[in-house]
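This report refers to the structure that appears directly beneath it.
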There are 2 protein chains.
Amino acid sequence: MSAKPVSLKTLAAKLELTVGTVSRALNGYADISPATRERVRRAADELGYRPNQNARRLSIGVPETICYQMPRYASSIAQPFVAQLLQGLGEALRKRNWDLLVSHAESSKDEIAQIDRLVRSGRIGGMVISRPLKNDPRIRLMQDLKCPFVVHGRTNSSEGYAWYDIDSEDAFVQSVNHVVGLGHSAIGFIGAPLQLQFAQDRLNGFQRAIVENGLTANPDYIQIADFSDEGGEAATNILLDMDAPPTAIVCVSDTVALGALAAIRERGLVPGQDITVIGYDGLQFGIHANPPLTTMAQPQAHAGRRLGDMLLSIIDGDDPTQHQELQRAHLVRRKTDGPMQNAWVRKFVSVREDSQ
Amino acid sequence: MSAKPVSLKTLAAKLELTVGTVSRALNGYADISPATRERVRRAADELGYRPNQNARRLSIGVPETICYQMPRYASSIAQPFVAQLLQGLGEALRKRNWDLLVSHAESSKDEIAQIDRLVRSGRIGGMVISRPLKNDPRIRLMQDLKCPFVVHGRTNSSEGYAWYDIDSEDAFVQSVNHVVGLGHSAIGFIGAPLQLQFAQDRLNGFQRAIVENGLTANPDYIQIADFSDEGGEAATNILLDMDAPPTAIVCVSDTVALGALAAIRERGLVPGQDITVIGYDGLQFGIHANPPLTTMAQPQAHAGRRLGDMLLSIIDGDDPTQHQELQRAHLVRRKTDGPMQNAWVRKFVSVREDSQ
DNA sequence: CTGAAAGCGCTTACAG
DNA sequence: CTGAAAGCGCTTACAG
């Protein structure tokens, strides 16, 4: 089906040179006379010659390709991440004319199998692993395979490999501090399944901040839910059904927070007035939420490019452990946070008192 | 850095066979004795042998890789598309163990250059092109290159190549019909730049429906804006500032519709009561809009897999023109559409009449 | 400065 | 049934 591309051989024949010479001319070797170098380049341009990359890579022994394994558990709302990240990775790779492969697995086992196949078959020279579990078998595998990799996020031991992460523990401390500053002391947390390291980090931040602020920790205020808007909604309903419900809820993600807002509105309450809700991610659509979502925003834009650059450096021989980058999130106040004195429980409590 | 992978040669040496024999055994050739076939397979498993794909592909002459070129002009809100599509494509390719490359270009010129490089360098055996322009140079290029491809969307002449598209002209007819059924006759349209074919299709559907419903077409009701929430907001402000503003607005996308909702709320009006707004895309996020966005939803989930299957079939020799698939969108009513009799202009007009 | 040759790791007619 | 060999299209010491 495809048109036959021009090869080094046809180019060499046309120029009455050997393929070796043509190859060296094109690759800018110093031992080729400027005259023929120019002549070769011109001819290559004219004929639209592009070196066959399979041949080239086989010959030089480097795949010039890296792979991004797409995160599982991604709600369709949160997917903007993926496209942005790919774009950034692509930019980083383009400089060196490397290719970007994507893979997607259904299960953890599948992820492992894919990685194994990909690196053993010489298809990739590096890998970016996203959203690691606390103890992620992929990392061990990559190390065994001795294949360069970077992690978007961290596992429970962040030593020994390269990673790029947002300090989400710190983010949740900031988040709780903000809410405490608004006068809240009954603060709920909606988290994600704890085998995901980021879920653990965010919970840790939450718990640390509760203690640091001298509040009493209430285990019932901590809800682990599905990492989705439905999960957030269900968890919020549980919190609101409590005898002494929290007056503020910090959520593990914007998507989960959206579910929380839905649950709150469903009861005729107003997020930001009756109950404070804080998200995490800083996704652009939060502006359009009802009401606009207050959130901890991460500097997402550069993650892809940074990860790409890091990976390339490691492939070039850098020590992975010197590429560990922790970014800070920052509060973006919109409309779902508000002072405690307006909170709904006050009405709620007074109603209950009246009826007693 | 990487561990040296086991090759056919080492495997052959260990088995005291030639590489040719081992290769044929692994590839299931009939002329290999079942006994040695078994022996070879076992050894391959044990040593974790994976054929070097660069070598294999060079040898068989097929890249076993396709490329997805990411759409430009993608607002970060609308990006969930990309991840879903990649997932679907990946599923289709996995069956045959093909790889999925992604590329992203900044400009139209860049897109062309990338495609040219990719196919001429033998890296890819097929391509999926998304969001084509009316007259998209990429399609001509692919044809000249004689490289198989499928288009996600269509150009102005949909003949001569394979594509998968939603009938967005029909969708906008449905959309307008629905709005007319609610009693509206002053209907605005917010579109995207018309060099994008889908933008033209949607405008065509809008205009056709206006005529078919016997309404008078008002050119001022047609606003072409940036393909973003900001664009939708600006366009909506223009519409609302008119002397006789529309009572309903149909938008080229959900993202644009989100901007429209913002503009409407900004004026203290209530979308779905004072003004009807209809989006297009059916993004999940619309559920969380303020209020939840009524929209024309497309059957997005399978696009990636369908495109992948189509492309593979064409690579296998199918006639591209027999792979043209048009899907229908359907209305998803949420809360931004409502009957004309409640519309804001009526108050507005009466206010003006009072003050005259 | 250029040519001749080996090698990258596969696949696949062709012998025997 | 298996071996020996050529070939895929590059790169890169090694001669001269």
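In what follows, chains are A, B, ... by sequence order, proteins preceding strands, each numbered from 1.
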- Query: Should B:R72 and B:S108 count as side-chain neighbours, where that means a heavy-atom distance under 4.5 Å?
  - Reply: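 With C-beta onward as the side chain, the pair touches.
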- Are A:N54 and B:Q53 side-chain neighbours, meaning at least one heavy-atom pair lies under 4.5 Å?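 Side-chain contact under 4.5 Å: no.
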- B:E38 and B:R42: salt bridge (charged side-chain N to carboxylate O under 4.0 Å, His left out), yes or no, with the steps? CA-CA 6 Å; B:E38 207 29 60; B:R42 190 155 327 196; 3.4 Å; yes
- Report the C-alpha distance between B:D318 and B:H323 in whole Å, list the side-chain angles of each, state the deciding distance to 0.1 Å, and finish with yes or no for side-chain hydrogen bond (donor to acceptor under 3.5 Å, both in side chains). CA-CA 8 Å; B:D318 272 13; B:H323 291 284; 2.8 Å; yes
- Upstream residue (5' side of DNA chain D) when B:L58 and B:T21 are each assigned their closest nucleotide: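 The answer here is B:T21.
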- Toward the 5' end of DNA chain D, which comes first, B:S59 or A:Y29, by nearest nucleotide?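 Residue closer to the 5' terminus by nearest nucleotide: B:S59.
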- Message: On DNA chain C, does the nearest nucleotide to B:N52 precede the nearest nucleotide to B:G20 from the 5' side, or the other way round? Give the residue.
- Response: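 The answer here is B:N52.
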- Message: For A:I32 and A:A55, find the nucleotide of DNA chain C closest to each by heavy atoms; which residue's nucleotide sits nearer the 5' end?
- Response: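 Closest to the 5' end, via its nearest nucleotide, is A:I32.
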- Could you tell me which non-hydrogen atom of A:I129 sits nearest to which non-hydrogen atom of A:M142, and how far apart they are?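 Closest pair (atom of A:I129, atom of A:M142, distance): CD1-CG, 3.7 Å.
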- Any chance you could measure B:I139, atom CD1, to B:Y161, atom OH, to the nearest 0.5 Å?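 Those atoms lie 4.5 Å apart.
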- Item | Between OH on residue A:Y164 and NE2 on residue A:H302, distance to nearest 0.5 Å |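 NE2 of A:H302 is found 8.5 Å from OH of A:Y164.
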- Task: Would you check if the side chain of A:R120 reaches a backbone N or O of A:I115 as a donor-acceptor pair within less than 3.5 Å?
- Result: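 No.
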Using a heavy-atom cut-off of 4.0 Å across all strands, would you classify [X] as base, sugar-phosphate, or nothing?
| X | result |
| --- | --- |
| A:S23 | base |
| B:N54 | nothing |
| B:R57 | nothing |
| B:S33 | sugar-phosphate |

- Kindly express the pairing pattern of DNA chain D in dot-bracket notation, using | wherever a base pairs with another strand and counting only Watson-Crick or G-U pairs under 3.5 Å. |||.||||||||.|||
- Message: Under a 3.5 Å cutoff, is there a donor and acceptor pairing between the side chains of B:R306 and B:Q327?
- Response: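 Checked: B:R306/B:Q327 side chains show no N/O donor-acceptor pair below 3.5 Å.
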- Message: Below 4.0 Å from chain B heavy atoms, what is the first contacting nucleotide of DNA chain D and what is the last?
- Response: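 The contacted stretch runs from D:dC1 to D:dG9.
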